[in-house]
Amino acid sequence: MTQTPAETATDAADSTRYVVVTNHEEQYSLWPAHRELPPGWQARTEPADRGSCLEHIRAHWVDMRPLSLREREQRP
């Protein structure tokens, strides 16, 4: 998935470094690297620009259902 021109312009103006974080349900989010992580979330990447973090999320978060739902659906 590619970024739209608006996303690219926004990313270029944003000098904030981010990390990709996940929670216990394997849901992904961006988090400013300079801030303490919220309880229950773990960093999955090194600090990077917003666009790189979004690409990581697009590549790795292929099933947006929470982990508990995926597990429940797999039970007989």
Side-chain angles (χ1 to χ4, degrees):
M1 181 180 285
T2 60
Q3 291 181 301
T4 67
E7 287 176 319
T8 303
T10 300
D11 290 348
D14 185 359
S15 63
T16 304
R17 304 294 281 176
Y18 295 92
V19 293
V20 173
V21 295
T22 59
N23 64 13
H24 70 284
E25 289 282 5
E26 295 183 356
Q27 296 169 310
Y28 286 69
S29 188
L30 292 179
W31 192 256
H34 67 276
R35 296 189 53 199
E36 184 177 332
L37 295 179
W41 292 80
Q42 295 181 328
R44 298 297 178 191
T45 64
E46 294 296 320
D49 61 89
R50 183 177 183 272
S52 296
C53 289
L54 289 174
E55 284 301 320
H56 179 89
I57 290 172
R58 287 181 182 119
H60 291 89
W61 195 10
V62 295
D63 188 342
M64 297 186 81
R65 295 174 300 159
L67 177 62
S68 58
L69 176 61
R70 295 190 316 259
E71 291 174 340
R72 191 172 335 134
E73 289 177 346
Q74 289 179 356
R75 291 184 200 136

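Predicted model only: the values in this text are computed from it and were never measured.
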Taking atom CD of Q27 as the centre, does the number of heavy atoms from other residues, nucleotides or ligands within less than 6.0 Å exceed 12? yes
Would you be so kind as to tabulate the donor-acceptor pairs closer than 3.5 Å made by side chains of residues 69-76, with sequence neighbours excluded?
{"from": "R70", "atom 1": "NH1", "to": "R65", "atom 2": "O", "distance (Å)": "2.6"}
{"from": "R70", "atom 1": "NH2", "to": "E26", "atom 2": "OE1", "distance (Å)": "2.4"}
{"from": "E73", "atom 1": "OE1", "to": "R65", "atom 2": "NH1", "distance (Å)": "2.0"}

Could you grab the distance from atom CG of L30 to atom CG of L54, nearest 0.5 Å is fine?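 With rounding to 0.5 Å, CG (L30) is 5.0 Å from CG (L54).
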With rounding to the nearest 0.5 Å, note down the distance linking OG in S29 to OH in Y18.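 OH of Y18 is found 10.5 Å from OG of S29.
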Please determine whether residues I57 and M64 belong to a single hydrophobic cluster, defined as Ile, Leu, Val, Met, Phe, Trp and Tyr linked transitively by side-chain heavy-atom distances below 4.5 Å. yes
Expected list for residues 32-45: side-chain donor-acceptor pairs under 3.5 angstrom, two or more places apart:
{"from": "Q42", "atom 1": "OE1", "to": "R44", "atom 2": "NH2", "distance (Å)": "2.7"}
{"from": "R44", "atom 1": "NE", "to": "T22", "atom 2": "OG1", "distance (Å)": "2.7"}
{"from": "R44", "atom 1": "NH2", "to": "T22", "atom 2": "OG1", "distance (Å)": "3.2"}
{"from": "T45", "atom 1": "OG1", "to": "V20", "atom 2": "N", "distance (Å)": "2.9"}

